[in-house]
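I have placed the structure first, in the form of structure tokens, so that the comments after it can refer back to it.
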2 protein chains.
Amino acid sequence: MTVELPSAQQVREARERIAGHVHRTAVLGCRSLDAIAGATLRLKCENLQKTGSFKARGATHAVARISPAVRCVVTHSSGNHGAALAFAARAHGLEAYVVVPRGAPASKRAAIEAYGGRIVECEPTMAARERGAMEIVERTGGRLVHPYDDPDVVRGQGTVALEAWEQTGGFDAIVVPVGGGGLLAGCAGLVRALGGPRVRVVAAEPAGADDAYRSWQAGRRVSVESPRTVADGLRATIGEHGLLALRTAVDEVVRVDDAQILEAMTLLAERAKLVVEPSGAVALAAALAGAVRGRDALVVLSGGNRDLRTAGG
Amino acid sequence: MTVELPSAQQVREARERIAGHVHRTAVLGCRSLDAIAGATLRLKCENLQKTGSFKARGATHAVARISPAVRCVVTHSSGNHGAALAFAARAHGLEAYVVVPRGAPASKRAAIEAYGGRIVECEPTMAARERGAMEIVERTGGRLVHPYDDPDVVRGQGTVALEAWEQTGGFDAIVVPVGGGGLLAGCAGLVRALGGPRVRVVAAEPAGADDAYRSWQAGRRVSVESPRTVADGLRATIGEHGLLALRTAVDEVVRVDDAQILEAMTLLAERAKLVVEPSGAVALAAALAGAVRGRDALVVLSGGNRDLRTAGG
């Protein structure tokens, strides 16, 4: 795997390939949030994206690039990427296998199944998940689509920033949540290509899963043993693309704690009337803490898949 | 007061007058809601409107039409209209007095004050509210802006449908919540003017406050003694403009109970990631109950001002 940040041309090509399959999501403003942030915030609503998160972009792009000879795709993810890959596979007439650890929430399984994905259970360890996925790849000849460390996935995620750049006429800061770093790498690459060094690129991360912050400080990958955060979508360890973005394109990694994340989530519902999942509020939480003061900033609301019918919602 | 439904030209003029002061709100689709409704639903997101509801349109239009000699506006409303009028007045450099019954929720008062409105308390009866407003009008020479039975307010509310008609390229059904009937009269007039009789016009009403349904059936105004519904924004008695719409432009009034309203609210959050107040989910509840089966239907999500930090939210 060649690890590089995508060029503007590569992201434009990705956008062509996924057009018609995913939404061009709204960019909304909200004066009362601006007042708290001391900035002009432009909320990129990937919570309104197909499947409820930006993951539909990368998954759709990866599936669109698969050789016609391949008839199925495989991943291991109990989160948004699993549902997104099932969605993308169905749109292209392929089968999707998603390896899910025993004990994953029923709502996550239901989302994968709703898009026609096939769930394969495994033990709840990373080794079991990876082994399970590899076994399916070997048996079916399918292609493994990694949730973030895949160049096609990264280019697809970069379309979030490309689209927003065109919708807004440009901005001078962007705040992107970081977990595995696929969204960050795609957006950072695109924004550096279009806006150069004058655009401040901020990665926002839960304080309880701050491997990106530590890796940015150290200049090499540092992992966190037991990530603990309400933002379940951002517990993954930073990948190769994300690490490259941290080294070459990110100005700052801002950490926010769970109370800040939950407050940002409530403010989004109250003031902007938007439902996001905890991970989807992390970039806003960083902006509200002053990370882009005085700037015209794109804030990526990455997803909205929150379980609203259980106490844990 | 001349009571008539607005013409397309009148609504277009209203739109010119309010442009730049209010948002052109998004129209969103959601496949999983379509599947339940058996229709193609286009959700007109007035919950994302300035002040959190469509009321900003009518109030802004009424204020824009006031003679320059008048320096203040007056209303009695503890709900969205009070905040909308304060918002509109501030934008035009006028003062707004809002008569609010003792015991109104703190969040409603806070919204009025946040836009610079002056709150005048009164006893919690309709007679006291009207008397309080008239006293201020006499003292200040201000103009009373009724929440729904005002031609300028009605024309302003009609811009919801005009805007959506242009955004979607037209539709063959519209579902509008009805309380006092200002939104209904504005939208019904506009839709009949642009789409003629082929567009099905459905008014959606809480079953516990079904004076519009009874009035539609009787052909004259029938009031309900003690309205009881979770949809607090729709407890008002139908006005003259609303009654005219029911008589001449509405195909059906569909009643939904509180359980249907709350389920529609939850589905909007889960599937469309949107926060609405109970009144804002009433039109969707009617659509999900089959009111526009087989049609391409505009569904007006009228507002999003829900108190999310208290148990009552």
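In what follows, every chain begins at residue 1, and chains take the letters A, B, ... in the order their sequences are listed.
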Checklist entry - Just checking heavy atoms, which of residues 84-97 of chain B are less than 4.5 Å from chain A? => result none
Checklist entry - Do any of residues 19-31 of chain B come closer than 4.5 Å to chain A, heavy atom to heavy atom, and if so which ones, in number order? => result B:Leu28, B:Arg31
Answer with yes or no whether the side chains of [Y] and [X] bring together a donor and an acceptor at under 3.5 Å.
X	Y	result
B:Lys44	B:Gln167	yes
A:Thr159	A:Arg57	yes
A:Asn47	A:Glu277	no
A:Asn305	A:Lys108	no
A:Glu46	A:Gln49	yes

Next on the checklist: side chain to side chain contact (heavy atoms under 4.5 Å, CB included), that's the test. Do B:Val300 and B:Val160 meet it? Break it down for me.
Outcome noted: CA-CA 8 Å; B:Val300 181; B:Val160 171; 4.1 Å; yes
Item to check | Identified side chain to side chain contact (heavy atoms under 4.5 Å, CB included) counterpart of B:Val276 within the set B:Leu268, B:Leu43, B:Ile261, B:Val282 | outcome: B:Leu268
Item to check | Passing candidate, side chain to side chain donor-acceptor pair (under 3.5 Å) with B:Arg42, options B:Asp34, B:Asp296, B:Thr168 | outcome: B:Asp296
Next on the checklist: Looking at A:Glu166 and A:Arg15, is there a salt bridge between them, counting it only when a charged N and a carboxylate O are closer than 4.0 Å?
Outcome noted: yes
Checklist entry - Is B:Glu263 salt-bridged to A:Arg309, going by a charged N under 4.0 Å from an acidic O? => result yes
Item to check | Contact origin within A:Ala272 toward chain B - heavy atom pairs under 4.5 Å | outcome: backbone
